[in-house]
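A short worksheet on the structure shown next.
Small disclaimer: the values here were computed from a predicted structure and weren't measured. Remember, it's 1-based here, ligands and their atoms both numbered in the order they're listed.
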Amino acid sequence: MQVLVLGAGYVGMATGVTLAYLGHDVVLVDIKPERVAAIAAAQSPILEPGMDAMLGEVRASGRLSATTEAGPAVAAADVVFIAVNTPPDASGDANMTFVQAAAVSLGQHLDPTHPVVIVNKSTVPIGSANLVKSWVEDGLHSTHPGTPANGTFTVASNPEFLREGQALSDSLYPSRIVLGTDVPWAMERLQALYAPLIAQSFPAPASVPRPAGFLAPVPVAATDRVSAELVKYASNAFLATKISFANEIAAICERVGADVTQVMAAVGQDPRIGSQFLDAGVGWGGSCFGKDLSALMHTAREYGLEPVLAAAAVEVNRRQRRWLVQRLQATLKTLKGRRVAVLGLTFKPGTDDLRDSPAETVLADLTRLGARVVAHDPVATEAAAQAWSYPVEYVNHVDDAIAGSEAVLLVTAWPEYAALDWVRAHESMERSLVLDGRNLWSPDVLRPLGIEYYSVGR
Ligand SMILES: NC(=O)c1ccc[n+]([C@@H]2O[C@H](COP(=O)([O-])OP(=O)(O)OC[C@H]3O[C@@H](n4cnc5c(N)ncnc54)[C@H](O)[C@@H]3O)[C@@H](O)[C@H]2O)c1
């Protein structure tokens with residue numbers, strides 16, 4: 001099929017590269033010329049494992065191109081994905097400006113004789129499919145006055161569940177595919193588009209192997225549009241709540257002297273609960289959880305319904321992000337002038353994404369309290385220096401952050417931090433205080449060296 005993907009971010013790149021790999025002809029569109037130039041040069045504009053290799057392959061096969069001008073490709077497309085950003089606005093709801101611009105311009109370039117399925121892949125507030133339909137109609141009527149929308153296009157919802165850091169693996173081997181439309185020909189076309197993925201009939205790319213035991217067919221949830229939109233919010237709200245729940249239990253563990261890793265490991269062995277997303281730490285972040293919870297709560301409140309549970313998950317997370325600095329204050333008392341090393345800036349390991357990262361809260365608090373902060377991240381120091389305006393020294397080697405510091409604070413559990421040489425680190429520190437915000441290190445290793453070590457809920 002001819003596929004157009006609007007937005008070459010995490011979701012657009014994963015969607016476009018995956019569909020091209022499955023044999024479709026894909027045009028990726030982004031308003032940022034530098035992203036388009038990178039893709040044309042077979043270099044991914046975002047950091048994702050396997051992305052450069054797969055992008056190189058689909059570029060070489062001629063099945064994927066990139067442009068800043070959607071126009072000519074719209075008329076030929078069988079399916080168009082809207083995968084643009086929907087950042088939170090001041091009220092907490094999703095900002096739909098980018099979706100609106102994309103939808104209007106799609107409408108302007110539609111060919112009324114060639115029906116197309118327009119798919120919302122962006123995470124959009126409940127009911128947005130109708131909004132998108134009206135925006136596409138506005139565009140269509142500006143170029144083809146009087147053309148009926150029905151028969152020219154239909155809007156479907158196909159929410160995305162990929163995780164940054166394993167975006168391609170999640171796209172190629174998804175837990176489920178949610179297709180939201182009441183229009184039979186649109187449902188048929190989307191099922192056909194995804195058929196090789198559902199049947200897993202493609203050879204696994206060398207750079208993104210099929211997980212052991214992955215079973216075909218991939219489950220397809222065929223729903224109405226509103227339900228599909230809500231699946232996305234409900235899933236993210238549940239996952240965020242799971243982490244917040246583990247953090248609440250961690251706070252109780254600290255009071256009563258229990259070990260949250262032992263507690264949650266045993267709790268998670270119950271198949272009704274499951275072992276994932278039960279890690280205590282300094283909280284969740286990233287571009288999705290906070291934004292999606294806030295949009296879900298906003299929707300509930302539009303109907304006079306107080307989303308008590310979602311609000312509590314957010315509140316526990318807000319409290320948890322303060323754990324490191326509060327623990328530091330409890331130990332060092334005053335922070336003014338003290339050199340503090342912060343390890344990890346991205347919201348989780350394996351991504352270069354800094355959006356809504358707990359590290360930003362930590363840097364903001366530390367610098368406000370007068371600490372001299374030296375920060376390290378394996379991939380994101382330059383981006384952090386540009387994105388954030390705190391008076392922080394960013395270093396490119398973790399040893400340079402640790403040497404001379406009075407405390408080491410771990411925010412993001414990058415695997416390279418797990419392998420730190422603590423004997424050397426201990427010798428280079430001004431004071432051997434380590435606050436482990438991700439329960440990455442073992443007290444049994446650090447404490448015998450004479451390091452004062454604290455972790456979350458242990
Ligand atoms: N990142 C994730 O893990 C993830 C997972 C699931 C769903 N989502 C949702 O998917 C959507 C996209 O997220 P993302 O992380 O890929 O965003 P992103 O910011 O990485 O990428 C969005 C891209 O869209 C481009 N864009 C904006 N307006 C455009 C237009 N009119 N035409 C063409 N391109 C345009 C931007 O320049 C940007 O490159 C959001 O709604 C997000 O909530 C994200």
Side chain to side chain donor-acceptor pair (under 3.5 Å): which pairs involve residues 190-201, sequence neighbours left out?
Asn158-Tyr194, Gln200-Arg210

Donor-acceptor pairs under 3.5 angstrom involving side-chain atoms of residues 36-55: please list them, not counting sequence neighbours.
{"unit_1": "Ser44", "atom_1": "OG", "unit_2": "Ile46", "atom_2": "N", "d": "3.1"}
{"unit_1": "Ser44", "atom_1": "OG", "unit_2": "Ile46", "atom_2": "O", "d": "2.6"}
{"unit_1": "Glu48", "atom_1": "OE1", "unit_2": "Gly165", "atom_2": "N", "d": "3.0"}
{"unit_1": "Glu48", "atom_1": "OE1", "unit_2": "Gln166", "atom_2": "N", "d": "3.3"}
{"unit_1": "Glu48", "atom_1": "OE1", "unit_2": "Ala167", "atom_2": "N", "d": "3.0"}
{"unit_1": "Glu48", "atom_1": "OE2", "unit_2": "Gly165", "atom_2": "N", "d": "2.7"}
{"unit_1": "Asp52", "atom_1": "OD1", "unit_2": "Ser44", "atom_2": "N", "d": "2.8"}

Less than 3.5 Å apart, N/O on ligand 1 and N/O on the protein: could you list those pairs with the distances?
{"unit_1": "ligand 1", "atom_1": "1 (N)", "unit_2": "Glu164", "atom_2": "OE2", "d": "2.7"}
{"unit_1": "ligand 1", "atom_1": "3 (O)", "unit_2": "Glu164", "atom_2": "OE2", "d": "3.4"}
{"unit_1": "ligand 1", "atom_1": "15 (O)", "unit_2": "Arg355", "atom_2": "NH2", "d": "3.2"}
{"unit_1": "ligand 1", "atom_1": "16 (O)", "unit_2": "Tyr10", "atom_2": "N", "d": "3.0"}
{"unit_1": "ligand 1", "atom_1": "16 (O)", "unit_2": "Val11", "atom_2": "N", "d": "2.9"}
{"unit_1": "ligand 1", "atom_1": "19 (O)", "unit_2": "Arg355", "atom_2": "NH1", "d": "3.4"}
{"unit_1": "ligand 1", "atom_1": "20 (O)", "unit_2": "Tyr10", "atom_2": "N", "d": "3.4"}
{"unit_1": "ligand 1", "atom_1": "24 (O)", "unit_2": "Asn85", "atom_2": "OD1", "d": "3.4"}
{"unit_1": "ligand 1", "atom_1": "34 (N)", "unit_2": "Gly7", "atom_2": "N", "d": "3.4"}
{"unit_1": "ligand 1", "atom_1": "37 (O)", "unit_2": "Asp30", "atom_2": "OD1", "d": "2.6"}
{"unit_1": "ligand 1", "atom_1": "39 (O)", "unit_2": "Asp30", "atom_2": "OD1", "d": "3.3"}
{"unit_1": "ligand 1", "atom_1": "39 (O)", "unit_2": "Asp30", "atom_2": "OD2", "d": "2.6"}
{"unit_1": "ligand 1", "atom_1": "39 (O)", "unit_2": "Arg35", "atom_2": "NH1", "d": "2.8"}
{"unit_1": "ligand 1", "atom_1": "41 (O)", "unit_2": "Thr86", "atom_2": "OG1", "d": "2.5"}
{"unit_1": "ligand 1", "atom_1": "41 (O)", "unit_2": "Thr123", "atom_2": "N", "d": "2.9"}
{"unit_1": "ligand 1", "atom_1": "43 (O)", "unit_2": "Thr123", "atom_2": "OG1", "d": "3.4"}
{"unit_1": "ligand 1", "atom_1": "43 (O)", "unit_2": "Lys291", "atom_2": "NZ", "d": "2.5"}

Considering residues, nucleotides and ligands other than Glu34, do more than 12 of their heavy atoms fall under 6.0 Å from its CD?
yes

Are the side chain of Asp138 and the backbone of Val104 linked by a donor-acceptor contact shorter than 3.5 Å?
no

Is a salt bridge present between Asp365 and Arg322, judged by a nitrogen-to-oxygen distance below 4.0 Å?
yes

With sequence neighbours left out, which residue pairs that include part of residues 204-228 fulfil the ring pair (Phe, Tyr, Trp, His ring centres under 6.0 Å) condition?
Tyr173-Phe214

